[in-house]
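Take a look at the structure below.
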Amino acid sequence: SPGAPRPLAVLQALTNHVGATALQDRRLHQVFGPTPPDCGVEDGVQFFRAVLLGHVAYVDAPLVRYRVGGLSAGAEPWADGAAPSEERRMVFASWVLANLHAYLADLEKVPDLPERERCRALCRRQIALRDLEVAMWRAGPMRRPVVLVRALRRSWLSGNPSHARQAFAGLFRRAGA
């Protein structure tokens, strides 16, 4: 429909959409199935799916009262107060990574998508940017050298020096954490 967001534009912005204010059609579930369990926040996945199907409408009127707080507020501690801001950032990064994998899979479920190749390429670039950092975080201090060696090997085998740069940047960033 005219004026509806395009999949490529959504991926380029990588914005989060507040699902609490979204009405979702059951066709999203029928076409794409359930949201992958590792997507910590499903709002972006559901919005992207609606965009892929071309069924997005915007109502320019206040329909709900929005309270800032909880996970939405960056300065607020988590419910148990134990998660430091770096931990929170990495949890969010892992969710974004999971969403990117879901976007990539969902692109294959819609026939005749004009921007499919550009969307795939953008998803893969975004995954490559985040994958190593999340892998290093998940590995923990004792296993980070193994993750680093694997990233360097992948860099060498692929001829892509960005893997090596990401590996070293991730190692030093994690070492200081």
Side-chain angles (χ1 to χ4, degrees), residues 1-76 88-138 151 154-155 158-163 165-166 169-170:
S1 60
R6 294 180 1 262
L8 185 61
V10 172
L11 291 173
Q12 288 169 332
L14 268 185
T15 58
N16 193 12
H17 305 278
V18 182
T21 62
L23 176 65
Q24 299 170 5
D25 190 298
R26 77 181 69 199
R27 286 178 286 184
L28 292 180
H29 188 77
Q30 291 168 341
V31 171
F32 299 104
T35 304
D38 54 343
C39 295
V41 179
E42 70 281 346
D43 302 358
V45 174
Q46 296 302 333
F47 180 75
F48 186 67
R49 289 173 170 184
V51 169
L52 285 173
L53 295 180
H55 301 294
V56 176
Y58 176 73
V59 178
D60 192 12
L63 302 175
V64 297
R65 290 185 59 184
Y66 177 68
R67 178 187 62 84
V68 176
L71 187 59
S72 301
E76 298 284 327
R88 174 182 237 159
R89 189 183 75 74
M90 291 310 303
V91 166
F92 184 73
S94 71
W95 292 347
V96 169
L97 184 61
N99 283 8
L100 286 163
H101 282 287
Y103 300 158
L104 197 54
D106 290 343
L107 286 167
E108 305 310 315
K109 296 177 183 170
V110 178
D112 304 322
L113 186 64
E115 300 175 322
R116 184 184 323 276
E117 287 309 314
R118 290 181 66 195
C119 288
R120 280 182 186 147
L122 182 56
C123 280
R124 289 182 181 128
R125 272 196 315 274
Q126 291 293 329
I127 288 169
L129 287 172
R130 291 168 170 80
D131 194 39
L132 181 63
E133 183 179 24
V134 171
M136 297 275 282
W137 169 68
R138 286 181 175 152
R154 184 174 53 196
S155 176
S158 71
N160 183 350
S162 71
H163 290 293
R165 283 194 297 275
Q166 290 173 336

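What's counted below: heavy atoms across the whole structure, side chains too, no hydrogens, waters or symmetry copies.
Of the inter-residue distances, the one linking Trp137 atom CH2 with Leu132 atom CG reads 14.0 Å to the nearest 0.5 angstrom. Atom CD of Gln24 is separated from atom CG of Asp43 by 8.0 Å, given to the nearest 0.5 angstrom. Between the CG atom in Leu122 and the CG atom in Leu100 there is a gap of 8.0 Å [rounded to 0.5 Å].
Counting heavy atoms from C-beta on, the side chains of Phe48 and Asn99 never come closer than 4.5 Å. Looking at heavy atoms from C-beta onward, His101 lies out of side-chain contact with Pro36 at the 4.5 angstrom threshold. Residues Gln46 and Thr35 meet the side-chain proximity criterion, which asks for heavy atoms closer than 4.5 Å. The closest side-chain heavy-atom distance from Leu53 to Phe32 is below 4.5 Å. The side-chain heavy atoms of Arg138 and Val134, taken from C-beta on, include a pair separated by under 4.5 Å.
Identified under the salt bridge (charged side-chain N to carboxylate O under 4.0 Å, His left out) test for residues 46-64, with sequence neighbours left out: Arg49-Asp106.
Here the closest non-hydrogen pair linking Asp38 and Trp95 is O-CD1, 4.0 Å. For the residue pair Tyr103 and Cys123, the shortest heavy atom distance occurs at CB-SG, 3.9 Å. Annotation for Leu11 and Cys119: closest pair CD1-CB, 3.6 Å, computed over non-hydrogen atoms.
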Next item on the list: May I have the step-by-step check of side chain to side chain contact (heavy atoms under 4.5 Å, CB included) for Gln12 and Arg118, ending in yes or no?
Entry: CA-CA 10 Å; Gln12 288 169 332; Arg118 290 181 66 195; 4.3 Å; yes

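Listed for the Glu115 side chain is a donor-acceptor partner under 3.5 Å among the backbone atoms of Leu8. Judged by distance alone, with hydrogens and angles left aside, the side-chain atoms of Arg120 form no donor-acceptor pair with the main-chain N or O of Leu107 at under 3.5 Å.
Of the N and O atoms on the side chains of Gln126 and Arg130, at least one donor lies less than 3.5 Å from an acceptor on the other residue.
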